[in-house]
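Below, each value reflects all heavy atoms present in this structure, side chains not excepted, and no hydrogens, waters or symmetry copies. Residue numbers count from 1 along this sequence.
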Amino acid sequence: EIERPNRLVFTWLWEDDDFDQAEQLIEITFEDQGGETKMTFTHRNLWDEEAVTSHEEGWNTVFENLRRELEG
């Protein structure tokens, strides 16, 4: 689902026997805040709290790297 320029939603499915095969949902929204963009990222349907923590750490690293690149 794409709602330019405000929203992107897509499904994610792990193909690994060690994980539940529950389809996950990624939603990213973008909001103008006085010339800057606020991005909100949501990852739904993770299989347990350990997965939530692991993904949170991973996504935080990705977004920190993105922030550094954009600040260049």
Side-chain angles (χ1 to χ4, degrees):
E1 182 179 328
I2 300 172
E3 295 175 19
R4 293 178 187 243
N6 301 318
R7 187 167 178 255
L8 172 65
V9 180
F10 59 94
T11 56
W12 184 279
L13 181 64
W14 283 101
E15 293 184 5
D16 188 322
D17 292 336
D18 293 338
F19 300 110
D20 285 341
Q21 297 298 305
E23 189 173 87
Q24 297 159 49
L25 186 69
I26 307 291
E27 179 179 2
I28 308 167
T29 59
F30 304 93
E31 181 182 345
D32 179 34
Q33 292 193 330
E36 295 186 4
T37 302
K38 175 184 177 184
M39 181 182 77
T40 303
F41 179 90
T42 306
H43 188 158
R44 292 187 175 88
N45 301 334
L46 290 164
W47 47 93
D48 60 22
E49 280 302 312
E50 183 178 339
V52 170
T53 300
S54 174
H55 281 78
E56 182 176 45
E57 291 171 4
W59 284 120
N60 284 336
T61 299
V62 167
F63 293 129
E64 180 60 24
N65 291 340
L66 176 61
R67 182 192 62 78
R68 280 198 307 266
E69 283 294 317
L70 294 173
E71 289 178 349

Taking the side chain from [X] and the backbone from [Y], do they hold a donor-acceptor pair closer than 3.5 Å?
{"X": "Thr61", "Y": "Glu57", "answer": "yes"}
{"X": "Thr53", "Y": "Glu49", "answer": "yes"}
{"X": "Asn60", "Y": "Phe63", "answer": "no"}

**OP:** Could you tell me the separation between the CH2 atom of Trp59 and the NE2 atom of His43, rounded to the nearest 0.5 Å?
**Re:**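 One finds 7.0 Å between CH2 of Trp59 and NE2 of His43.
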
**OP:** Look up atom CD1 in Ile28 and atom CG in Asn6, then write down how far apart they are to the nearest 0.5 Å.
**Re:**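 Between Ile28 CD1 and Asn6 CG, I get 13.0 Å after rounding to 0.5 Å.
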
Joint hydrophobic cluster, [X] plus [Y], side-chain heavy atoms closer than 4.5 Å:
{"X": "Leu13", "Y": "Val9", "answer": "no"}
{"X": "Phe10", "Y": "Leu25", "answer": "no"}
{"X": "Met39", "Y": "Ile26", "answer": "yes"}

Original post:
Just wondering, more than 12 heavy atoms not from Glu36 lying within 6.0 Å of its CD?
Top reply: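 Not buried by this count: 12 neighbours or fewer within 6.0 Å.
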
Original post:
In this structure, are over 12 heavy atoms from other groups packed under 6.0 Å from Glu69 atom CD?
Top reply: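 Atom CD in Glu69 is not packed in, count stays at 12 or less.
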
Original post:
Is the distance between the ring centroids of His55 and Trp12 under 6.0 Å?
Top reply: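 Ring-ring flag for His55/Trp12: false, centres at least 6.0 Å apart.
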
**OP:** Pick out which of Gln24, Glu27, Glu23 makes a side-chain hydrogen bond (donor to acceptor under 3.5 Å, both in side chains) with Arg44.
**Re:**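 Result for side-chain hydrogen bond (donor to acceptor under 3.5 Å, both in side chains) with Arg44: Glu27.
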
**OP:** Can you see which heavy atom on Leu8 is nearest to which on Ile2, and at what distance?
**Re:**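 Heavy atoms of Leu8 and Ile2 come nearest at CD1-CG1, 3.7 Å.
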
Subject >> Verdict with supporting geometry, Arg68 and Glu71, salt bridge (charged side-chain N to carboxylate O under 4.0 Å, His left out) >> reply: CA-CA 5 Å; Arg68 280 198 307 266; Glu71 289 178 349; over 6 Å; no

